[in-house]
Each structure stands twice: as C-alpha cells, then as structure tokens.
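One structure is given here, and the rest of the page talks about it.
Every number for a ligand or one of its atoms is a count from 1 in the order of the listing.
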Amino acid sequence: MKNKVTKAIFPVAGMGTRFLPATKSVPKEIMTLVDRPLVQYAIDEARAAGIEDFIFVTARGKSALEDYFDHAPQLEQELERSGKTELLEAIRATTMDSGTIAYIRQQKAMGLGHAVWCARRLIGDEPFAVMLPDDVIAAETPCLKQMVDAHAETGGNMVAAMEVAPEQTKSYGILDVSAQDGAVVKVRGMIEKPEPAEAPSTLAVIGRYILTPATMRQLGQIAPGKGGELQLTDAIAAEIAETGDVHGFRFRGTRFDCGSKAGFLQATVAFGLARADLGPEFSTYLHELIAARAAAE
Ligand code: UTP
C-alpha cells in the first residue's frame, strides 16, 4: 500500500438545514465567503497538500456545484474580449482538469460516514483525505498540507484537532489522548458529542481527516449510530480499538465553522479584513459601526 495521500473525498450531500431558506436552492458549499464559494477554499487547500484526485459525494439539488467547476466558454470569451485578464485568470483557476474530479451521489442522507463510504470504489487500497468544506481554516501553511507532512512520519489515521471550551464538547467528536502536548497526539478513544462532564478532554475533531483503507472497510461494517446515521467517528473508534493506529493533529491556524450562521459571519469579517483590497475600508466601517452602537446604548 502506498503511503502518499493523493485522493480527497469532499462529502457535500448534507441538506444544510441551518441555512434554510437559502439552501433551498443554493448548495451550502456554493455560498460565498467574500468572493469565492466555500468549496473553492477547500479545493485550494487540497491542491496545496498535493491532492490530485477530487471526489465529491453529492446529492439531488447540488448541480450548481458541478457547474462551478466546469468550463464557462461564453464567460471566458467575454472577459477576454473586454481585456479583464485578472478576472479571466480567476475563472480559469476554478476549472478542474478533465478526469481529476469525480461526483458520486449519496442517494439518501444517511450520515457523514455513509457519504464517505459511497466513495469506496474510487479509493482502492490507499490512504485518503476527507475534507468538509464547511470548516474553513485560515493558516500560513494550509491545514491539510500540515497534516500530510505529519502523516508522512506516522502513517495510519490522522484527525485534525483543536481545543474547545468545556461547554462546547457536546458539539464535536472529542478525543481521549494519552499525552496532551505536542502537535501529534496518540488517540486512545473518541466520543461523539459528549456532555462536558463525560468528555475525556477538550480536544475536538474538526473537518480534516487522513484515513486508511481499513477505516473505509470499517464503514461497511459498523451499525448506524447517533441519529440513526452511519458515523465516521464510529468507524475511527473501531480502528482505535482494533489497531490503535489513530493520531490527533493540532493544526496551526484558525478554524471557522461555516456550517453555522455565527461562524459564517465571523469568517466573512475575518477574511474581509485580511484582504488587501477590502480590509482598510471594511475596518473603518466596522469601527464606525461599533462606535455608533456604543454611543446609542
Ligand atoms: P452537517 O452535520 O453539517 O449537516 O454535515 P448538513 O446537512 O451539511 O447541515 P445542517 O446541519 O443540516 O445545517 C457535515 C458534513 O457532512 C456532509 C455534509 O454535506 C457536510 O459537509 N454530509 C452529512 C453528507 O455528505 N451526507 C450526510 O448524509 C450527512
């Protein structure tokens, strides 16, 4: 089995109910952070990590996503004719080379684990990445690249992890780790969304994984878990029990939960402020807005 990670699965078949009514017709992954859809951030991060094959697990109503990665000949011609070279370059960077992107349908939203399992025939006998585009990570070295580098040393399964406040453990998969320090930590156990009192730590798993073919096989064997869904966490937990070959990786960077409204707004502000072309004006606006609100109170 080769150890290099060149394939990534993007499970995007969820219904995005937290963003209704917008997600009635717009897939969540196409929603825009400043001027790029969420999915573009994930693709860029994957490319920076050396991913060559991009596998999207989609569902009914997600065709806008497929169109986004397609050639747009008319638009390109128009931009070329009007000399808008920068925009033309931006558009061309969104087109994926033929054969590098695959779409698989998850017919029924049976959970994240099931979505990943839907891609099993395209993965074969090699390690693969799983990226959730809702988790947008601002980092000097892109998060998945950090993980791929660390994985070259450890092999096995690796999950991205970050510290959360104790009251937030019930929103995440939480790791039970033997040593707390260092970027790479050996995982002894993993619990889905524990109450703070039951949480073995405050180290939470977020949407970046490097998994082995054995974990993919576990997905075909585990029973439905929380909410009647096939949970990715359960397959990883089964691997911890069988092989112990699971590491947590504390990435360097800031993660935004763009699957939630508050997280999406925070990301919009942070990415807007970080942009050279928008930041100064936006910053002035925010300062004025906050000052006006404070004066009115
Ligand atoms: P979420 O738990 O965020 O669910 O899924 P969701 O449907 O996207 O959003 P809400 O909670 O209804 O607002 C986490 C990731 O797993 C994918 C989602 O597309 C998202 O990327 N997923 C979830 C699937 O691909 N299939 C599923 O059956 C469930």
Side-chain angles (χ1 to χ4, degrees), residues 7-33 37-43 45-46 51 54-66 68-69 101-120 122-123 128-137 143-144 159-160 162 164 168-174 190-193 204-209 211 215-216 219-220 222-236 255-267:
K7 294 183 177 176
I9 300 175
F10 301 81
V12 293
M15 288 189 279
T17 51
R18 282 171 289 173
F19 279 97
L20 281 170
T23 43
K24 188 177 163 206
S25 65
V26 182
K28 179 170 64 173
E29 302 71 28
I30 289 291
M31 294 199 323
T32 318
L33 196 49
L38 290 184
V39 72
Q40 185 69 51
Y41 291 88
I43 288 280
E45 186 182 326
I51 298 297
F54 304 81
I55 303 161
F56 280 79
V57 182
T58 69
R60 187 179 294 275
K62 300 269 180 175
S63 49
L65 197 84
E66 298 188 25
Y68 175 77
F69 291 117
I101 190 160
Y103 301 96
I104 299 245
R105 279 263 177 127
Q106 184 190 27
Q107 278 91 351
K108 244 174 138 184
M110 288 167 64
L112 173 59
H114 180 261
V116 170
W117 185 73
C118 286
R120 65 199 178 283
L122 295 180
I123 290 300
F128 58 96
V130 174
M131 301 183 76
L132 306 190
D134 313 12
D135 276 338
V136 176
I137 301 165
C143 180
L144 191 66
V159 296
M162 67 174 208
V164 295
Q168 289 179 339
T169 57
K170 53 180 180 295
S171 305
Y172 295 91
I174 299 291
M190 191 165 161
I191 306 180
E192 189 64 20
K193 303 188 171 78
V205 176
I206 60 123
R208 301 288 182 276
Y209 309 78
L211 302 174
T215 304
M216 183 64 99
L219 281 169
I222 58 168
K226 267 203 175 153
E229 297 189 334
L230 270 194
Q231 299 286 352
L232 189 55
T233 303
D234 291 344
I236 299 172
R255 171 262 191 181
F256 295 92
D257 175 11
C258 290
S260 78
K261 283 178 249 204
F264 202 103
L265 287 173
Q266 287 159 15

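- Tyr103 and Phe56 have tilted rings, their planes meeting at an angle from 30° to 60° on a 0 to 90° scale.
- Residue contacts with ligand 1: Leu112 is placed with no nitrogen or oxygen under 3.5 Å of a nitrogen or oxygen of the ligand (distance criterion only).
- Heavy-atom contacts of Asp134 reach the following atoms of ligand 1: 3 (O), 21 (O) (cutoff under 4.0 Å).
- Rounded to the nearest 0.5 Å, atoms CG (Leu211) and CG (Leu232) are 6.0 Å apart.
- Taking only nitrogen or oxygen atoms, main chain and side chain alike, Gly14 reaches within less than 3.5 Å of ligand 1.
- For atom 8 (O) of ligand 1, the nearest non-hydrogen atom from the set Lys261, Lys28, Gln106, Lys62 belongs to Lys28.
- Close contacts between ligand 1 and Ala115 involve ligand atoms 24 (C), 25 (O), 26 (N) [criterion: under 4.0 Å to a heavy atom].
- Relative to atom 13 (O) of ligand 1, the option among Arg18, Met15, Met131, Lys108 with the closest non-hydrogen atom is Arg18.
- Ligand 1 has a nitrogen or oxygen under 3.5 angstrom from a nitrogen or oxygen of Gly16.
- Taking a cut-off of under 4.0 Å to the non-hydrogen atoms of Met110, the atoms of ligand 1 that pass are 28 (O).
- Against a heavy-atom cut-off of under 4.0 Å, Gly111 is close to the following atoms of ligand 1: 26 (N), 27 (C), 28 (O), 29 (C).
- Taking the six-membered ring wherever Trp is involved, the centroid distance between the rings of Phe69 and Phe54 does not fall below 6.0 Å.
- In the vicinity of Ala109, heavy-atom distances shorter than 4.0 Å reach the ligand 1 atoms 28 (O).
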